[in-house]
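These notes are about the structure you will find just below.
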Amino acid sequence: MDRYNFKKIEKKWQKYWDDNKFFSTKITNNKKKFYCLEMFPYPSGKIHMGHVRNYTIGDVLARYKSLQGYNVLHPMGWDSFGMPAENAARQNNLDPKTWTEKNISNMKSQLKKLGLSIDWDREISTCTPEYYRHQQEFFLELYDKGLVYQKEQYVNWDPIDQTVLANEQVIDGKGWRSGAIVERKKLKQWFFNINKFSEELLENLNSLDEWPNKVKIMQKNWIGKSFGCEISFKINNSKKVHEIKCFTTRPDTLFGMSFLALSVDHPIAKFYEKDEEFVKFKKECSKVGTTEEAIASAEKLGFKTELLATNPLNTKIKVPVYFANFVLMDYGFGAVFGCPAHDQRDLDFALKYKLNVQTVVRPDKNDNYFTVKDKAYTGPGYIFNSSFLDGLKCPEESIIKTIEYLEEEKIGNKKINFRLKDWGVSRQRYWGCPIPIMYDENNQPHKVPIDKLPVKLPEITKLETTGNPLDTLTDWKEINVNGKKYVRETDTLDTFVDSSWYFLRFCSPKNNKYGFDEEEVKYWMPVDQYIGGVEHAILHLLYSRFFMMAISYKNEKINIKEPFKGLFTQGMVCHETYKNENGDWLSPDEIETFNGVKVEKRDKNKIVKVGPSESMSKSKKNTIDPEKIIENYGADAARLFILSDSPPEKDVQWSDEGINSSYKFIQKLWLLNQKISSEILKDHESDNGDNLTKRTNQYLKKITDNLSSFSYNVLIANFHEIYSFLVKEISNKYTKKTIIDNYSKILITMIPVIPHFAYECLEMNDFGINKAWPNYNKKILESDRVEVVVQVNGKKRGLVNVERNIAENKLMEFIKKQKNINKYLVDRKQKKIIFIQNRIINIIN
RNA sequence: GCGGUCGUGCUGAAAUUGGUAGACAGGCACGGUUGAGGGCCGUGUGGACCUAGUCCAUGAGAGUUCGAGUCUCUCCGACCGCACCA
């Protein structure tokens, strides 16, 4: 018998799908739509195993939904702007466009080899003017809606990449890409007013019931809503009186205030610009370079001013004003009042600078001895030492009451504060979407008129080593509008903007009038299932949600609240790590197993140290090239294995044994297929029992259940089970009709995972390749006999096979006839019987 | 520090959502086939004991329940996210 020739067969079907535009899709009003989207890749050059996993999971779903009769939109594109292209161009002395296009064509052919059910007619690439011109139009739209503004702000400056980083791109005080220690720098930047939608972004999370809780909680924390109030404080020295505002969630502890702390960036700081001591202190504070954790636990430093702040609840009390390193300018008002007794951080500060610690909350109403010494009390209790607030229950009564008072006296207001900051989108980079803005001779910004769009990125042959090359292109920078001369904005947009609306573009990728066609978007959106890595839980997903809201804002035609109805975050692909005697990383290609021991290929005497399985990364050399795997084992085997070992949301470990066993399983399925083909020809006159039909139906139920719950690893186990069953059962005699009925259904269920194999078998047996998803027959599933568990005192004592829906007394009669069970029942009184029909009986005695 | 997820054989993992713990796979062992190796096929594989059987087993300990891997509480451990957020 022939072996399964995956090379030939996979190529054949891929060509068939391509030639027939098998996955091409369009609006079909009488069909239910399903938009299945996987996070589109950055064209780095080659696909990696993470892509294989991501796109296989998505493909299983897309093909399943399609078989179920849905009109499935399953597109693919390229997130093709970004720094790596620029870096590669600098290194290899070529232009980013060429580099990117080459990568795209290579990766596209790799993805095709995976046999994905993609509608390639909808392919998009964010670095093309056909894409980004619409993005520029969106930018201007948001500008008109007041959602875009410019301001000067301290930014995270990456000294190596010479660019500004978003807060989210700073990890442990370092640039996410370069790893360089991030500096602070003041620059004029463009911002998206994401904060405007804080409340809505938070509120809508409740409606996203097909999102993982984990992601929703992360977004919730990121938005960081807190309830409190703003309080005005009078600050004065001998000459002047200023008023400054603080935000607090604990106004009720105001009588415990013993200092007021300001950020070094607070407006008041300008009066100290010439103070050498202060300048020195400020420098000390802005020292970055340690981890976030270190910053958080760093010593609290303060710079004492001669200013005094008045307690608004008791104007006789005046406390010193400090500049302090722990006060952030971009949260609240960049100023806090310090209540050491009930805030650990304030207490640390107070102890260090020997400030008063006044306890104003005690856990017990009548505990006259309670006083805070070296550990702040933040729990509930009762207010004391606080004049008119004394005796109030804290926090329920005390906070409300204090705010009421402050509002009456016009020294404070209830306020909700968000941690979420506006999204700085300017990047001092060449390889990005140009911002469609121009400046007049007074340096005032103006929109580039719509008819001048797109603002095309000029072709550059040579990139400077640092900074933004667009800055140096004087010809390009000049623009004439209505006879007036303007200078272009040279910043480009953060690439997260590119990926914040690509899912809309996929609905009508060729529409050249606007970013999307209204009808198409109304039909296809929202994305029914979005699949990707959990690393995008905050950034990309929050920005996309914002963008959808921003487009719908003040828009009568489009009103889509949330872009992604369902979200699935898959785990990473891991592999063992290897090191040689010197501690250098070794790639799996460089080692082999010799007498059960891992050794170096080059020198088999050298034993390799096997490290823990970790997420595949180039630096640890524990990557496996998908292309080689497809070459050696086939796409179906790769797809099968990447799904088989672990649930999709968890990490999976790649192993030689695993991919090998998946390959062998397909070969076994092939042999089984040959066997079944020959059984069909025999066409026995009658069926030898209905075992085959019953088991097939049980199988169909399991498969359908596991597909809808993303239990793809269990799905593969189901394949193995039905294989083992068929191998034995098929030699019993069945009619041609029975075999075809059941086996063709089984083959269809394999299409989502191993499509090439399944289609080949369907075709060669003349079962037809356009069949619908097989539904199971409930009646057949309910066989007339069931297995009932028998427990005595909660312990399993036996298993009986009885007729379905047997009554309790009949079952008891039957059980008493079973020697091995009855021995637990004789000589004892039955106190109680718990009986769950067709499942279990528990006899208590 | 705050928030979250999770602890099941040698390993990856199943468990109809409170009802037969360990499906399926890997690994290993033994047997068959083969001149040998590989491959393929078969069997076994949680632990203990007085081994036709019985008892113990889901990180540890308690609780709820006829019944707990699943629910509740305490502790231990691992992982992830956020982090001076007032």
Side-chain angles (χ1 to χ4, degrees), chain A residues 168 172 212-222 224-226 228 231 246-251 253 261 263 291-301 324-328 330-339 342-346 348-349 378 417-421 534-535 537-538 574 596 613 641 644-647 649-653 655-658 660-662 664-665 667-668 671 701-702 705-706 709 711 713-724 787-799 820 831-836 839-845:
Chain A
E168 302 91 311
D172 291 342
N213 240 328
K214 178 173 65 171
V215 174
K216 287 193 276 187
I217 288 165
M218 278 160 78
Q219 292 214 352
K220 192 180 162 203
N221 292 341
W222 192 261
K225 183 179 185 175
S226 52
I231 304 175
C246 292
F247 174 75
T248 179
T249 53
R250 292 298 304 276
T253 62
S263 160
T291 61
E292 300 271 7
E293 191 193 346
I295 295 167
S297 55
E299 200 181 0
K300 312 287 172 261
L301 296 173
N325 64 344
F326 60 84
V327 184
L328 307 168
D330 48 11
Y331 184 79
F333 301 96
V336 293
F337 79 81
C339 174
H342 306 290
D343 182 295
Q344 191 56 44
R345 190 198 49 208
D346 292 348
D348 293 344
F349 190 80
T378 53
N417 215 9
F418 291 95
R419 212 189 68 114
L420 182 68
K421 286 159 207 151
V534 73
E535 67 272 19
I538 302 171
C574 300
S613 182
F641 174 56
S644 68
D645 255 19
S646 296
E649 69 276 12
K650 284 179 65 173
D651 289 354
V652 65
Q653 195 185 324
S655 71
D656 288 351
E657 294 84 3
N660 209 18
S661 115
S662 293
K664 284 196 284 192
F665 183 55
Q667 293 294 345
K668 287 201 227 171
L671 292 177
K701 178 170 174 11
K702 281 190 196 172
D705 289 351
N706 287 325
S709 64
S711 306
N713 54 328
V714 190
L715 188 81
I716 310 299
N718 297 150
F719 288 175
H720 283 277
E721 283 167 348
I722 201 70
Y723 165 81
S724 303
E787 308 241 283
V788 172
V789 177
V790 184
Q791 293 186 340
V792 180
N793 294 331
K795 270 184 186 158
K796 181 198 164 193
R797 294 301 180 187
L799 194 62
N820 56 342
K831 288 179 193 150
K832 199 178 174 187
I833 291 173
I834 286 106
F835 174 63
I836 315 259
R839 204 173 248 182
I840 199 164
I841 183 160
N842 189 2
I843 303 150
I844 314 303
N845 56 25

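Bear in mind the structure is a predicted one, so any value in this text is a computation, not a measurement. Sequence lines set the chain letters: A, B, ... in the order given, protein chains first and strands last, and positions in each chain run from 1.
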Which label fits [N], syn or anti, where anti is any glycosidic angle not within 90° of 0?
N: B:U5; result: anti
N: B:U51; result: syn
N: B:G67; result: anti

Q: Starting from the 5' end of RNA chain B, give me the residue, A:Asp651 or A:Asn793, whose nearest nucleotide shows up first.
A: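 By nearest-heavy-atom nucleotide position, the 5'-most residue is A:Asp651.
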
Q: Map A:Tyr723 and A:Lys650 onto RNA chain B by nearest heavy atom, then report which one ends up closer to the 5' terminus.
A: A:Lys650

The side chain of [X] is closest to which nucleotide in this list: [options]?
X: A:Thr249; options: B:A86, B:C84, B:C82; answer: B:A86
X: A:Ile217; options: B:G4, B:C85, B:G19; answer: B:G4
X: A:Asn842; options: B:C84, B:A86, B:G67; answer: B:G67
X: A:Ile538; options: B:A13, B:U20, B:C82; answer: B:C82
X: A:Trp222; options: B:C82, B:C66, B:G12; answer: B:C82
X: A:Val789; options: B:G19, B:U20, B:A13; answer: B:U20

Q: List the atom of A:Val327, the atom of A:Ala261, and the distance in Å for their closest heavy-atom pair.
A: CG2-CB, 3.8 Å

Q.
Minimum heavy-atom separation for A:Arg419 and A:Trp222, please, with both atom names.
A.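 Looking at all heavy atoms of both residues, the closest pair is NH2-CE3, 3.0 Å.
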
Once you round it to whole Å, what is the distance between [atom2] of [N] and [atom1] of [X]?
X: A:Ile844; N: B:G19; atom1: CD1; atom2: C1'; result: 12 Å
X: A:Glu649; N: B:C79; atom1: CD; atom2: C1'; result: 15 Å
X: A:Lys421; N: B:C82; atom1: NZ; atom2: P; result: 13 Å
X: A:Ile833; N: B:C66; atom1: CD1; atom2: P; result: 15 Å
X: A:Gln667; N: B:G39; atom1: CD; atom2: C1'; result: 12 Å
X: A:Lys220; N: B:C85; atom1: NZ; atom2: P; result: 18 Å
X: A:Phe337; N: B:C85; atom1: CZ; atom2: C1'; result: 15 Å
X: A:Asn325; N: B:C84; atom1: CG; atom2: C1'; result: 8 Å

Q: Under 4.0 Å between any heavy atoms, over every strand shown, what does A:Ile834 touch: base, sugar-phosphate, or nothing? Just pick one.
A: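 A:Ile834: base contact, heavy atoms under 4.0 Å.
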
Q.
Within the 4.0 Å heavy-atom criterion, would you say A:Val534 contacts the bases, only the backbone, or no part of the nucleic acid?
A. nothing

**Q.** side chain to side chain contact (heavy atoms under 4.5 Å, CB included) partners for A:Asp651, two or more places apart
**A.** A:Met572, A:Cys574

Q. How would you list, by chain and number, every residue that makes a side chain to side chain contact (heavy atoms under 4.5 Å, CB included) with A:Glu721, sequence neighbours excluded?
A.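 If we apply the side chain to side chain contact (heavy atoms under 4.5 Å, CB included) test to A:Glu721, skipping adjacent residues, the hits are A:Lys702, A:Asn718.
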
Contact under 4.0 Å: [X] side-chain N or O vs [N] OP1/OP2:
X: A:Lys214; N: B:U5; result: no
X: A:Arg345; N: B:C85; result: yes
X: A:Arg797; N: B:C55; result: yes

If the [atom1] atom of [N] is compared with that of [M], how far apart are they to the nearest Å?
N: B:G22; M: B:A14; atom1: C1'; value: 7 Å
N: B:U70; M: B:U5; atom1: C1'; value: 16 Å
N: B:U54; M: B:G59; atom1: C1'; value: 27 Å
N: B:A23; M: B:A13; atom1: C1'; value: 10 Å
N: B:C24; M: B:G18; atom1: P; value: 25 Å
N: B:U20; M: B:U16; atom1: P; value: 9 Å
N: B:G42; M: B:U34; atom1: C1'; value: 16 Å
N: B:G69; M: B:A57; atom1: C1'; value: 11 Å

Q. If you draw a 6.0 Å radius around NZ in A:Lys220, do more than 12 non-hydrogen atoms from other residues or ligands fall strictly inside?
A.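 Counting other residues, nucleotides and ligands, NZ of A:Lys220 stays at 12 neighbours or fewer.
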
Q. Can you give one letter per nucleotide of nucleotides 21-29 of chain B, going 5' to 3': B for a protein heavy atom under 4.0 Å from the base, S for sugar-phosphate only, - for none?
A. --BSSSS--

Q: Test A:Phe641 against A:Ser655 for side-chain contact (heavy atoms from CB on, under 4.5 Å), laying out the working first.
A: CA-CA 9 Å; A:Phe641 174 56; A:Ser655 71; 4.1 Å; yes

**Q.** Spatial distance of atom OG1 (A:Thr378) from atom CZ (A:Arg250) [nearest 0.5 Å]
**A.**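 That separation rounds to 8.0 Å.
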
Q. Where does RNA chain B pair, written as one dot-bracket string 5' to 3', with Watson-Crick or G-U pairs under 3.5 Å, ( ) inside the strand, [ ] for crossing pairs and | for another strand?
A. (((((((..(((......[....)))(((((((.....)))))))((((...))))..(((((..]....))))))))))))....

(Q) List the residues meeting ring pair (Phe, Tyr, Trp, His ring centres under 6.0 Å) with A:Phe349, not counting sequence neighbours, and say none if there are none. (A)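 A:Phe349 satisfies ring pair (Phe, Tyr, Trp, His ring centres under 6.0 Å) with A:Phe259, A:Tyr322, A:Phe326, A:Tyr353 once adjacent residues are dropped.
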
Q) Can you name the ring pair (Phe, Tyr, Trp, His ring centres under 6.0 Å) partners of A:Phe835, sequence neighbours left out? A) none

Answer whether the closest heavy-atom distance between the side chains of [X] and [Y] falls below 4.5 Å.
X: A:Lys796; Y: A:Val789; value: yes
X: A:Phe337; Y: A:Thr253; value: yes
X: A:Asp645; Y: A:Gln653; value: no

